[in-house]
Amino acid sequence: MILTAVNTEPLSLDRLAAKIRKSSNFRFVWQWYHREAGASPTAPPSATPAPTATEARRVLSAAIADPGCRKVLRSTFDSMYDSVFSIESLHEHCRLERRDEEFQNTMAKAAADRLGAYSRKRSDASPKERRRIDALFGSVGEYHAFEFLPGSIPGCEVCSERENYLFTNWFFGVAWDWCFVVLWKDSDLAWVGFLTDTD
């Protein structure tokens, strides 16, 4: 898959980002992309297949492989623990799963300072808070949110390692890390977001 970074954002995440970054030491960055295998503009919505986890993995893998596409991580890397930015391909057993509600819940909790290790209170987002996230990303169209999750294959040395799914040291190797890929059913847009609670 070939990705092209989008410089003009289809929707503004500035207010959401400001809330997340204001809460307990969160780092939140994202990048919009156009993906090669998008929906045809002449195809009726019913003929457009829904995005899949396989497609989401291709998007994330392509973003990691292309230095231009991973620029958002490199440019926001902080040498708190490591002096040099590093990134590697995804471990074969790690997976992307469609988790729309978890995506909405995670983003809303982060914005309300109820997600990370330093939050005074940790609790799920309310239905109203989740609906705000859903409406924000849904303003582009019907979307599918995929969460990047660790592998869990018995006997695999990599799967047994702590935080085996963190493909870059941008995440600082701590336990409060999230990566989401959002794809739209009737658009060639892709959004990849990274969230971590740092020391």
Side-chain angles (χ1 to χ4, degrees), residues 6 8-33 35 45 48 50-57 59-60 63 72-73 76 78 94-152 162-168 170-187 189-199:
V6 176
T8 303
E9 299 200 336
L11 62 91
S12 175
L13 299 179
D14 290 346
R15 289 184 63 192
L16 175 64
K19 288 181 179 180
I20 292 175
R21 291 169 180 155
K22 185 179 178 182
S23 69
S24 307
N25 210 25
F26 267 104
R27 295 175 188 269
F28 173 44
V29 298
W30 65 90
Q31 178 63 57
W32 292 90
Y33 301 100
R35 51 195 162 105
T48 306
T52 64
T54 299
E55 188 172 1
R57 186 182 182 96
V59 166
L60 185 56
V72 66
L73 290 177
T76 56
D78 186 327
C94 293
R95 62 201 193 279
L96 278 131
E97 292 184 3
R98 184 175 177 191
R99 291 162 62 95
D100 295 352
E101 289 185 11
E102 186 59 27
F103 168 69
Q104 296 159 13
N105 191 44
T106 299
M107 301 302 284
K109 284 169 64 177
D113 198 8
R114 296 202 306 272
L115 181 65
Y118 302 101
S119 298
R120 292 183 180 180
K121 179 182 178 183
R122 288 198 290 273
S123 62
D124 282 339
S126 68
K128 183 177 180 180
E129 290 170 325
R130 291 195 298 272
R131 282 196 299 272
R132 285 194 197 114
I133 301 297
D134 185 39
L136 180 63
F137 284 83
S139 66
V140 176
E142 180 186 334
Y143 71 90
H144 293 211
F146 300 88
E147 183 175 7
F148 188 58
L149 299 168
S152 58
R162 178 178 178 272
E163 310 301 338
N164 68 75
Y165 63 111
L166 301 184
F167 50 85
T168 168
W170 184 91
F171 291 108
F172 300 98
V174 296
W176 303 92
D177 303 300
W178 294 265
C179 174
F180 291 100
V181 176
V182 178
L183 305 176
W184 282 264
K185 183 175 184 292
D186 298 309
S187 171
L189 282 173
W191 180 89
V192 182
F194 308 92
L195 183 66
T196 186
D197 185 9
T198 67
D199 289 332

Sequence-distant partners of Phe137, ring-ring contact (aromatic ring centres under 6.0 Å, His included), two or more places apart
Phe103, Trp191

Partners passing ring-ring contact (aromatic ring centres under 6.0 Å, His included) against Tyr143 (at least two apart in sequence or in another chain):
none

Can you list the residues that meet the side chain to side chain donor-acceptor pair (under 3.5 Å) rule with [X], with sequence neighbours excluded?
X      : answer
Ser126 : Glu129
Thr8   : none
Arg95  : Glu97
Arg99  : Glu147

Just to verify, what does [X] make a side-chain contact (heavy atoms from CB on, under 4.5 Å) with, not counting sequence neighbours?
X      : answer
Ala190 : Tyr33, Arg35, Val59, Leu183
Lys19  : Ala111
Val72  : Val29, Gln31, Phe194

Contacts of Asp134 meeting salt bridge (charged side-chain N to carboxylate O under 4.0 Å, His left out) (sequence neighbours excluded), chain-then-number -> none

Distance-only check: which donor-acceptor pairs under 3.5 Å involve side-chain atoms of residues 9-17, not counting sequence neighbours?
| residue | atom | partner | partner atom | Å |
| --- | --- | --- | --- | --- |
| Glu9 | OE2 | Trp30 | NE1 | 2.7 |
| Ser12 | OG | Asp14 | N | 3.3 |

Looking at side-chain heavy atoms only, is the closest gap between Leu115 and Leu195 below 4.5 Å?
yes

